Amino acid sequence: MVRFKNRYVLCEVLSDDPRCRQCIEDRAVGLAVRDAIGRVHGDYGLACCSISFTVKYLNAYTGTVLLRCRKDSYRLLCSALPFVRYLESRAQRYPCALNTLHVGGTIRTCQKFLIQYNRRQLLMLLQNCTNEEERQCIRKSLLSCSLTEEQSQSGDEEDDDGTE
């Protein structure tokens with residue numbers, strides 16, 4: 001049996017409208033990308049990319065999207081991504097753009113890149129702070145996002161339920 005090689009394209013959704021990120025669905029992203037491929041490369045490009053094209057991961061909060069396609073046609077996919085101008089969800093169109101961050105051979109390499117990318121973004125955010133209050137606020141929000149904080153809150157809820 002022959003193994004089909006894939007490429008994973010990591011993108012971020014850029015939008016000025018905050019409602020766009022809340023209404024993102026993997027189906028809407030997939031349709032918008034397929035439509036852009038069809039407009040740019042025609043039926044041939046659409047057929048090549050549609051063979052194993054899927055949206056593997058979507059985080060609506062951060063606007064991160066992971067797309068999978070065949071190794072032979074990832075260049076067609078990457079060249080069509082700048083032509084995605086809007087996402088349609090729940091009968092509304094939200095203007096946006098897809099920014100390609102990384103192209104990798106496995107999901108794991110894309111995850112590693114995303115971790116490093118987010119670290120660099122946080123460092124830039126901290127460097128752009130104008131006063132100490134903003135820095136403390138950012139540090140406090142980062143520290144509140146840990147798993148130990150979540151576990152201690154869920155443990156408190158269990159104790160409260162057991163006493164009633």
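If you read the sequence from its start, that first residue is 1, and numbering goes on from there. This is a predicted model, so every value here is computed, not measured.
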Asp72: partners by side-chain hydrogen bond (donor to acceptor under 3.5 Å, both in side chains), with sequence neighbours left out: none

Heavy-atom neighbours of Glu132 CD exceed 12 at 6.0 Å: yes

Transitive ILVMFWY cluster of Phe113, excluding itself - 4.5 Å side-chain cut-off: Tyr8, Leu10, Tyr57, Leu66, Leu101, Ile107, Leu114, Tyr117

Spatial distance of atom CG (Asn6) from atom SG (Cys69) [nearest 0.5 Å]: 7.5 Å

Residues clustering with Leu76 (ILVMFWY side chains joined when closer than 4.5 Å, directly or via others): none

CD1 on Ile115 to CZ on Arg120, rounded to 0.5 Å: 12.0 Å

Gap between atom CD of Gln121 and atom CD of Glu12 - 0.5 Å precision: 7.0 Å

Ser73 OG to His41 NE2 distance, which is reported to the nearest 0.5 Å: 10.0 Å

For Asp26, all residues meeting salt bridge (charged side-chain N to carboxylate O under 4.0 Å, His left out), sequence neighbours excluded: none

Donor-acceptor pair between Glu88 and Tyr86 side chains, under 3.5 angstrom: no

Partner residues of Gln111 under the side-chain hydrogen bond (donor to acceptor under 3.5 Å, both in side chains) criterion, sequence neighbours left out: none

CZ-OG1 distance between Arg7 and Thr106, expressed to the nearest 0.5 angstrom: 9.5 Å

Residues, nucleotides or ligands: over 12 heavy atoms within 6.0 Å of Asn131 CG: yes

Arg75, CZ atom: more than 12 neighbouring heavy atoms under 6.0 Å: no

Smallest separation among heavy atoms of Pro95 and Ser15, with atom names: O-OG, 3.0 Å

Over all atoms of both residues, closest heavy-atom pair of Phe83 and Arg39: O-NH2, 3.1 Å

Gap separating the CD atom of Glu134 from the CD atom of Gln136, nearest 0.5 angstrom: 11.5 Å

Close side-chain approach of Arg68 and Ser52, heavy atoms under 4.5 Å: yes

Other cluster members, Ile24 - Ile/Leu/Val/Met/Phe/Trp/Tyr, side-chain contacts below 4.5 Å: Val9, Val13, Val29, Val33, Ile37, Leu46, Phe53, Val55, Leu58, Val65, Leu67, Tyr74, Leu77, Leu81, Val84, Leu87, Leu98, Val103

